[in-house]
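Below you'll find the structure, written out as structure tokens, and then a few comments.
Computed from heavy atoms alone, side chains included, the values below leave out hydrogens, waters and symmetry copies.
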Amino acid sequence: MDFIKNQLDGTGMSEQTIGYLSNLIMVVFIAVVSILANFIAKKIVLKIIIQIINNNRYTWDKIIVEKKVFHKLSHLVPAIIIYYSAYIFPSYQALIEKAALTYMIVITITVLNALLNAFDTIYRSYEVSKIRPIKGYIQVAKIILFIIGGIIVISSLIGQNPLIILSGLGALSAVLMLVFKDSILGLVAGVQLSSNDMVRVGDWIEMPKYNADGDVIDITLNTVKVMNFDKTITMIPSYALISDSFKNWRGMQVSGGRRIKRSVYIDTSSISFCTKEMIGEFQKIHYLTDYLETKLNEINEYNIEHHINTESIVNGRQLTNVGVFREYIHQYLRNHPKIHKDMTLIVRQLAPGDNGLPLEIYAFSNDITWGVYESVQADIFDHIFAVAPTFGLRAFQNPTGHDIVQLKESPQYSRGY
């Protein structure tokens, strides 16, 4: 500054004009130096750092570059130059230093925020992130960072110790608890969800209260984001997963088997004892050959041992078409390539009702993919409905308009029978 004034003294200008002009020249000089330093930091130093990072085998530092941590850090260079140049202007030194310091604090907060984002992205690249998500904790760290940063900025501007402002916040604790109620509840819920391994990213959950039925795609501090199967998004409060019940289908996904639990209803009027002709036809069926041979020998031995009069089919033990049909379905499922052989497989009768006799198939497919599972289930019941008439059975169905028309057109109906 003195050098510039000495150079201007010989121009014949007044002392006040020389002071204004020298200050202006110094401001322009500092601005040029700051711009030049910022250019060197971004265009040279930053490019060298990025080139070094791109040439190594690590991926975490590349993520830091993607989050522009170094780009934000480069903004500190001109602020530092301005801060240490403030003494040149004694009248405005305090104001310049406060402004530069405030700017550096804000830049530091943005750098730390970018680092937290980078850390979250790096953590998500590991499989453990699906089991132990930390996005909620990252958000808590950001809230603390912004609160502390805001306090430091305010204390810097008013020239007070940050501890004085912190002590004043104690009186506002009740207000803060009310403002951050959801965040506090979400934090507690996030800890419980994570520690108890209740839900992970990628889990299929079902929560009828919130119309949620789909895959968890994100777990944050306040919400759990679920993409439903109709591609809509449901946002569930984190604490709702603690206070309310929900169904997690992870067990099914991990087991490798998906349950088939459906019934076919048999018209009870089509159930009968097996005749010799029917048994002869059943013995031609591959899945029933061994079963019929064993069962017929067992029945004959029983009837002979107990001196049963077999002239009446009511006496003793007899095969029924529905019993043979049930065994056929069981053997068919045991040999089906898409049925899980190591899980429960039952074909059972349920209590008969107005819709006939329910035969329930309880089994597990060995492919949990939704489309494949539905295809397997449909194929099985297609076959069951198609093969039922072979056993002299009819699937129950309530009369339709077509059935009534056919009945009216029958000769018996027209004769008044």
Non-neighbouring partners of Ala114 that pass side chain to side chain contact (heavy atoms under 4.5 Å, CB included), sequence neighbours left out: Val69, Lys72
Contacts of Leu36 that satisfy side chain to side chain contact (heavy atoms under 4.5 Å, CB included) - sequence neighbours left out: Ile40
Which pairs with one or both residues in residues 283-300 pass side chain to side chain donor-acceptor pair (under 3.5 Å), sequence neighbours excluded? Glu281-Lys284, Glu298-Arg317
Residues in side chain to side chain donor-acceptor pair (under 3.5 Å) contact with Asp230, at least two apart in sequence or another chain: Thr232
Residue Phe119 excluded, over 12 heavy atoms near CZ under 6.0 Å: no
Salt bridge (Lys or Arg N to Asp or Glu O under 4.0 Å): which pairs involve residues 205-223, sequence neighbours left out? Arg124-Asp218, Lys135-Asp218, Lys209-Asp244
Mind checking what makes side chain to side chain contact (heavy atoms under 4.5 Å, CB included) contact with Ile109, not counting sequence neighbours? Ile105, Leu145, Phe146
Set of ring pair (Phe, Tyr, Trp, His ring centres under 6.0 Å) partners for Tyr332, sequence neighbours left out: His336, His383
Under the ring pair (Phe, Tyr, Trp, His ring centres under 6.0 Å) test, which residues partner His306, sequence neighbours left out? Tyr302
Restricting to ring pair (Phe, Tyr, Trp, His ring centres under 6.0 Å), what partner residues turn up for Tyr126, sequence neighbours left out? none
Return each pair, listed once, that meets salt bridge (Lys or Arg N to Asp or Glu O under 4.0 Å) where at least one residue sits in residues 375-398; pairs must be two or more places apart or across chains. Asp267-Arg394
List the residues meeting ring pair (Phe, Tyr, Trp, His ring centres under 6.0 Å) with Phe325, not counting sequence neighbours, and say none if there are none. Phe391
Taking only residues at least two apart or on different chains, which pairs with a member in residues 328-353 satisfy salt bridge (Lys or Arg N to Asp or Glu O under 4.0 Å)? Arg348-Glu360
